[in-house]
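Data block below; observations after.
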Amino acid sequence: MNPVTELLAERLDEITAEVAGEIAGRVPAYTGLSAAMILTLVRDALTVYTGAQDRGAALDHFRRLGAHEARAGQDVRHLESALRSGARVLIRRTANAAARVHPPNTEFIAVMESAFSAEDQIVEAAVDGHHRAAPSGSGSRLYPLVARGHRYSAN
């Protein structure tokens, strides 16, 4: 595990709570996400943000999330907004961790470029999954991540 990943992993619960608050504050459709759900998504996102080897698997999880949301009738704009809201927290946290490990130099810049690229990759994967699975002409707007008894599995 690289030093940036280690610093982020040490604060995973704190980061997850901050992401939950950011999403709830900005995207009312996603205010009822469970802590376990957000923790899974944060772990997957950090895999992509830190450039871990299994980033492809993490992006596949976001594609499946997007597809699930589409099949449930969720508006893609809500999904994208929730993902970008969480990304703000993760980019800030990644920047802080990178600054502690790498003074602002080439390595720091590389970590931050990876983080910004990761946000786009995650949103693109989820939106792609959503578009591929969206039923044609679906007018219903369900909120499956907050539905009682719903358990999205990233695996």
Side-chain angles (χ1 to χ4, degrees), residues 1-70 72 74 76-130 143-155:
M1 191 180 302
N2 74 46
V4 171
T5 303
E6 287 176 18
L7 285 173
L8 293 168
E10 290 171 5
R11 302 213 182 275
L12 198 53
D13 291 337
E14 181 182 309
I15 293 168
T16 298
E18 189 176 345
V19 166
E22 189 73 17
I23 291 171
R26 294 182 181 271
V27 190
Y30 286 105
T31 57
L33 295 175
S34 72
M37 165 64 76
I38 294 174
L39 177 61
T40 298
L41 296 173
V42 166
R43 281 186 181 141
D44 286 343
L46 287 175
T47 296
V48 180
Y49 275 66
T50 59
Q53 279 187 320
D54 54 349
R55 72 188 290 143
L59 289 170
D60 285 342
H61 294 168
F62 283 99
R63 278 187 198 87
R64 287 195 301 273
L65 169 66
H68 173 78
E69 294 296 281
Q74 176 62 283
V76 70
R77 293 169 297 187
H78 293 162
L79 174 62
E80 182 176 355
S81 183
L83 291 170
R84 290 199 185 276
S85 294
R88 286 183 189 98
V89 173
L90 295 178
I91 288 173
R92 184 173 51 251
R93 291 302 191 115
T94 301
N96 289 338
R100 289 180 59 193
V101 173
H102 309 290
N105 60 19
T106 306
E107 290 86 8
F108 175 84
I109 292 167
V111 168
M112 292 315 305
E113 285 176 347
S114 178
F116 285 112
S117 176
E119 176 186 357
D120 287 339
Q121 291 171 355
I122 287 168
V123 171
E124 181 180 313
V127 170
D128 178 58
H130 188 283
Y143 301 100
L145 289 180
V146 298
R148 190 169 234 138
H150 169 72
R151 294 198 198 293
Y152 161 75
S153 173
N155 296 322

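A quick note: this is a predicted structure, and the numbers were derived from the prediction, not measured. Numbers here are sequence positions counted from 1.
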Which atoms form the tightest heavy-atom contact between [X] and [Y], and what is the distance?
X	Y	value
V4	N2	N-OD1, 2.9 Å
G66	L79	CA-CD2, 3.8 Å
A29	H78	CB-ND1, 3.7 Å
A24	T31	O-CG2, 3.5 Å
V101	P3	CG1-CB, 3.6 Å
A118	V48	CB-CG1, 3.5 Å

Would you mind checking if [Y] and [X] are paired as a salt bridge, meaning a charged N to carboxylate O distance below 4.0 Å?
X	Y	result
E18	R93	yes
D60	R55	no
R11	E14	yes

Donor-acceptor side-chain pairing of Y30 and Q74 below 3.5 angstrom: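 Y30 vs Q74: donor-acceptor pair found between side chains.
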
Beyond-backbone contact of R43 with T47, side-chain heavy atoms, under 4.5 angstrom: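 No, their side chains stay 4.5 Å or more apart.
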
E124, CD: over 12 other non-hydrogen atoms inside 6.0 angstrom: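 Open.
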
Nearest-0.5 Å distance that lies between atom CZ in R88 and atom CZ in R92: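 If I round to the nearest 0.5 Å, the distance is 9.5 Å.
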
Nearest-0.5 Å distance, CG of residue D44 to CG of residue L39: 9.5 Å

